[in-house]
Every structure is written in C-alpha cells, then in structure tokens.
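Inspection log for the structure reproduced underneath, given as structure tokens.
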Amino acid sequence: MSQYRAVKGTRDILPGEISSWNYIEKVIHRVAGLYGFHEIRTPVFEYTELFQRSIGATTDIVGKEMFTFRPEEKGRSITLRPEMTAGVMRAFIQGNLAATSPVHKLYYIAELFRKERPQAGRQRQFSQFGAELIGVSSPEAVAEVIGMMMQVFVDLGLTGLRLRMNSLGDVKDRMHYIKALREYLEPHSALLDEHSRERLDKNPLRILDSKNPEIQAIIADAPKLHDFLGASAIDDFEKVLHYLDEKGLSYVIDPLLVRGLDYYCHTAFEVTSSELGAQDAIGGGGQYDGLAKQLGCKSDIPAVGFAVGLERLLITMEKQGLLAHAAPERPQVYVVLQSHELAAHAVGICDALRKSGIRSIMDLAGRSMKAQMREANKMRAAYALFVGQDEIQNQVFGLKNLVTSEQDFLSIQRIIERLEPLDESSQKTSDE
Ligand code: HAM
C-alpha cells in the first residue's frame with residue numbers, strides 16, 4: 001500500500017458511495033425548491049475576523065478548531081470556513097441582496113473544516129446542507145425553516161429522530177441569565193471538570209450541555225433560562241411550537257439546549273439521532289437576529305437557519321437501511337465485441353447511441369466475450385448489444401435484454417428507437 005494516505009479526519013468518497021450522496025443531494029435540492037429556497041455558494045475561506053466576530057471569540061470553534069493561515073507574511077489572516085452562516089450573511093450584505101427583496105431564502109450544500117479530534121461522526125473536513133432565511137424571523141419563518149429540514153428527513157425515510165427546542169431569549173435576557181448562572185456555579189467550581197471550569201469563565205452557557213453526569217447533577221438545580229425570558233420571547237416561542245404542532249412535527253422542549261455558536265437568540269433547535277453514539281447531533285440551528293448588525297449593517301436584519309451534517313445523515317441512513325434507493329447509475333447498453341479487431345465499429349456504435357441519449361459502455365481492454373458479459377451483468381446493464389463480423393456485414397445487431405434474456409436482431413436506428421434515452425426523471429427517488 002502507498003505511504004500516502006488521506007489526512008486524518010478527512011475521507012474520500014469513492015464511486016461506490018457517490019450514488020448515496022447524489023441521491024441525498026437530489027432530495028435536498030427538490031425539497032429546498034418546494035419551499036422556495038435558492039442555492040448560494042460562497043468561498044471556502046474567509047477573513048478570520050468574520051468568524052471571530054460572528055461565531056464568537058470564546059466558542060470552541062473559534063478558540064481552538066479553526067484552520068487559520070496567513071498567505072502573505074504581512075497579509076490578513078484567513079480561515080477555512082468552519083460553518084456557513086457567517087459567510088452567507090457576509091455575502092448577503094456584500095451583494096446588497098436586501099435591495100432586491102426584503103426576504104431571502106438561501107440554501108447550500110458545502111464543505112466545512114474544523115480542527116476537532118476525529119472520531120465516528122466527527123471529521124476535520126465534513127459537509128453540511130443548510131438553509132438561511134434572511135430578512136424575517138417571525139414564528140412562521142422559524143417554523144418554515146424547521147419544517148423544511150424535517151421534510152428532508154421524512155423524504156429520505158428517516159425515523160426515530162428527536163427534535164429538541166429551546167428559547168434563548170434576546171441578548172439582554174441572556175446576559176441576566178449568564179450572570180445568575182455564573183453566580184450559581186461559582187461556589188461549585190471545585191466540583192467542575194477542567195473543561196467546564198474553563199467555560200465558567202468564558203462561556204458558562206455551554207456548561208449546560210455538558211455530558212458529564214456529575215456536572216449534570218449540579219446543573220439540575222441551576223437557575224432556568226426560561227425564567228429569565230421576557231414576555232414577548234415566551235410568546236414568540238409558544239407561537240413557534242404552535243406552528244410545529246400544526247405541521248404535525250413532534251418535539252421536546254429542552255431547557256438545557258444551548259448552541260455552540262454565539263450568534264443565536266430566541267428559538268434554538270437541534271435534531272439528534274440515537275443511531276449516532278456520542279456525536280448524536282445530526283443538525284441544528286436557530287434565530288440570529290443580531291448577526292447582520294454585528295457584521296456592520298446599520299440595522300438588525302432578522303434571520304433564522306439550520307445546518308445538517310451530511311456524514312452523520314448518511315451514517316443514520318445506513319443504519320436504518322435507507323440507502324437502497326441510492327443505486328448507482330447503470331448503463332443501458334453494454335456493447336459486447338466478438339473480437340478486439342472490431343473495436344473501431346463498436347466506437348462508432350457507442351457514439352451513435354450516446355448522441356441519442358442512451359448510456360452506453362464498451363470494453364476498452366480487449367477482454368474475452370465471456371469477461372465482457374460478466375462485466376455487463378456486474379454493472380447491471382439493461383441490454384447487451386453484440387458486435388461481430390456478421391452483424392457488421394448485415395448491419396443487424398443482437399440486442400439481448402439482460403433481465404429476461406430475450407434477444408432481438410435490429411439495426412442501430414431501430415435499437416435507438418426502442419431504447420428511450422435515460423433522463424433524470426428515470427432515476428428513482430423515494431418520493432416516486
Ligand atoms: P453546528 O451545530 O455547529 O451548526 O453544525 C451543524 C451540524 O453539522 C451538526 O449538527 C453536525 O451534524 C455537523 N457537524 C458539525 N461539526 C462536525 C464535524 N466535525 N464532523 C462532522 N459533522 C459535523 C452550524 O454549523 C450552524 N451554522 C447552523 C446554522 C445555520 N445555524 C443557523 N443557520
């Protein structure tokens with residue numbers, strides 16, 4: 001084996017797996033279209049300040065997980081994007097999208113980079129699909145975004161996911177709460193683990209989602225964020241829950257749900273899968289009404305969004321046996337050569353078939369007819385088309401249906417007429 005290996009925390013997606021990715025992406029594009037979202041693509045790297053300013057300097061992501069570099073010795077620092085929300089908001093502001101419409105619905109499928117310790121479901125390069133609804137974050141908008149995320153899961157056939165909901169209130173509510181939480185936790189600081197002690201200082205909210213049972217016991221009696229929310233925050237959150245009820249989406253209210261990024265306010269949510277072990281969050285999101293202003297906009301631009309980890313989605317789908325829909329594309333015709341000398345004829349036949357939109361394969365390695373037939377069956381080709389001396393002379397070719405074994409003898413023109421071009425719509429998805 002070669003000494004060259006993919007970097008730890010990254011992985012190749014080989015052709016055997018690509019059909020699963022294509023299948024999932026196709027469902028995402030379809031559902032996003034149904035909800036009126038438009039795709040956005042932003043650069044893989046941004047100036048580091050963008051992430052510091054938006055995700056928050058005291059978060060784990062900014063504190064220790066960013067791949068940051070300086071291309072020019074005295075130039076500005078650059079970071080490989082650890083998430084998409086900041087870059088999408090930057091692009092929204094820079095492209096002055098607000099001038100074209102007050103509300104924009106954007107979605108993406110993108111590669112992200114975080115310097116985390118690699119383990120199952122946690123990579124250093126990973127992919128997300130996500131959506132950002134910018135310009136409004138009314139309860140209807142929040143419910144719409146959650147509804148779209150959940151519809152992707154439903155359309156992919158996933159079951160047993162848990163949607164957790166919480167309200168983080170506005171910045172003022174949260175400041176009051178952080179103060180009270182810190183005051184409660186400080187006397188217990190000797191009992192906290194090192195990680196939580198560090199957080200007590202920088203970001204005490206994150207102690208709430210500690211998985212350490214001893215810390216959870218301390219947290220059980222801590223002041224509750226809900227008690228610090230203003231009346232309008234409670235009212236909005238209740239409206240969101242009401243819309244989720246209307247949509248028939250089940251959820252649990254989790255008062256300890258805080259998210260690992262600082263830009264959130266009001267509604268925050270996360271979806272977990274019991275199929276995933278320690279890294280059980282398949283997706284999450286929430287409102288981020290203050291982000292635009294933080295990035296230099298004169299006024300607040302309300303917004304809400306989510307992102308779902310595609311690797312974790314795939315792991316869950318695999319465990320639930322849902323990847324059978326994702327069969328690789330198969331050739332319609334495998335052109336079988338009686339002998340390699342006839343290759344030039346087969347090239348012409350393949351060209352004619354392909355020009356007519358028929359997916360066609362021929363042997364390029366001079367293999368025996370038996371080996372070619374084995375390959376045709378392995379690739380699950382629909383037909384074998386035989387090319388021999390007699391066929392070329394008579395311009396009539398054997399076309400064998402590889403499922404029924406029925407064989408007809410036809411001209412290339414008749415074969416083209418018989419085989420309909422395989423277009424996009426012939427690829428099965430679960431919604432059909
Ligand atoms: P996040 O919770 O940091 O949110 O990431 C969303 C999802 O990305 C996670 O639930 C997980 O499935 C996946 N993910 C995160 N880190 C890794 C990793 N190292 N390896 C594999 N998968 C991972 C955000 O990124 C926010 N930008 C979501 C958002 C959009 N909020 C508002 N709009």
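In this chain, residues are counted from 1 in sequence order. Each ligand, and each atom within it, is numbered from 1 in the order the structure gives.
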Which of L261, I134, D262 passes side-chain contact (heavy atoms from CB on, under 4.5 Å) with Y288? Answer is I134
Taking atom NZ as the centre, does K202 end up with more than 12 heavy-atom neighbours from other residues, nucleotides or ligands that are less than 6.0 angstrom away? no
Among all protein non-hydrogen atoms, which one is nearest to atom 31 (N) of ligand 1, and what is the separation to 0.1 Å? Y264 OH, 2.5 Å
Can we say E17 and R11 salt-bridge, meaning some charged N sits less than 4.0 Å from an Asp/Glu carboxylate O? yes
Work out whether the distance between some heavy atom of G284 and some atom of ligand 1 is less than 4.0 Å. yes
Indicate the atoms forming the closest heavy-atom contact of K224 with I219, along with that distance. NZ-O, 4.2 Å
Considering only NZ, NE, NH1 and NH2 on the basic side and carboxylate oxygens on the acidic side, decide whether E270 and R164 come within less than 4.0 Å. yes
Answer yes when E144 and K105 have at least one side-chain N-carboxylate O distance shorter than 4.0 Å, and no when they do not. yes
Between Y107 and F306, ring centroids under 6.0 Å: no
Can you check whether E83 has an N/O within less than 3.5 Å of an N/O in ligand 1? yes
May I ask you to check if ligand 1 and I282 share an N or O to N or O distance below 3.5 Å? yes
I'd like to check which ligand 1 atoms, numbered from 1 as shown, lie under 4.0 Å from a non-hydrogen atom of A307. 6 (C), 7 (C), 28 (C), 29 (C), 30 (C)
Close approach of E311 to ligand 1, heavy atoms, under 4.0 angstrom: no
Does F269 approach ligand 1 within less than 4.0 angstrom via side chain, backbone, both or neither, non-hydrogen atoms only? neither
Checking E311 against S127 for the side chain to side chain donor-acceptor pair (under 3.5 Å) test, could you report, in this order, the C-alpha distance in whole Å, the side-chain angles of both residues, the deciding distance, and whether it holds? CA-CA 7 Å; E311 287 79 6; S127 314; 3.3 Å; yes
Any N/O of A281 closer than 3.5 Å to an N/O of ligand 1? yes
Report the nearest protein non-hydrogen atom to atom 14 (N) of ligand 1: residue, atom name, distance rounded to 0.1 Å. F126 CE1, 3.4 Å
Does CD belonging to E111 count more than 12 external heavy atoms closer than 6.0 Å? yes
Can you confirm, on distance only, whether ligand 1 has an N/O atom lying under 3.5 Å from any N/O atom belonging to Q123? yes
Say whether G309, considering both its backbone and side-chain N or O atoms, lies within less than 3.5 Å of an N or O atom on ligand 1. yes
Is R30 paired with D155 through a side-chain N to carboxylate O contact shorter than 4.0 Å? yes
So that I can tick it off, tell me whether R41 and E39 are bridged by a salt bridge, with the cut-off set at under 4.0 angstrom between side-chain N and carboxylate O. yes
Taking only heavy atoms of L261 into account, list the atoms of ligand 1 that are under 4.0 Å away from them. 3 (O), 4 (O)
Any N or O on Y108 sitting closer than 3.5 Å to an N or O of ligand 1? no
One finds that the ligand 1 atoms under 4.0 Å from a non-hydrogen atom of G283 are 10 (O)
Under 3.5 Å donor-acceptor, E25 side chain and I109 backbone: no
Ligand-residue contact atoms, ligand 1 with G285, heavy atoms, under 4.0 Å: 31 (N)
Out of all atoms in ligand 1, which are within 4.0 Å of some heavy atom of Y263? Include the element for each. 26 (C), 27 (N), 31 (N)
Is there any N or O on R122 that sits under 3.5 Å from an N or O of ligand 1? no
Nearest option to atom 5 (O) of ligand 1, as decided by whichever heavy atom of E132, Q128, E116 sits closest: Q128
Atoms of ligand 1 close to G121 [distance to a heavy atom under 4.0 angstrom, numbered from 1]: 20 (N), 21 (C), 22 (N)
Measuring from non-hydrogen atoms of R259 to any atom of ligand 1, is the shortest distance under 4.0 Å? yes
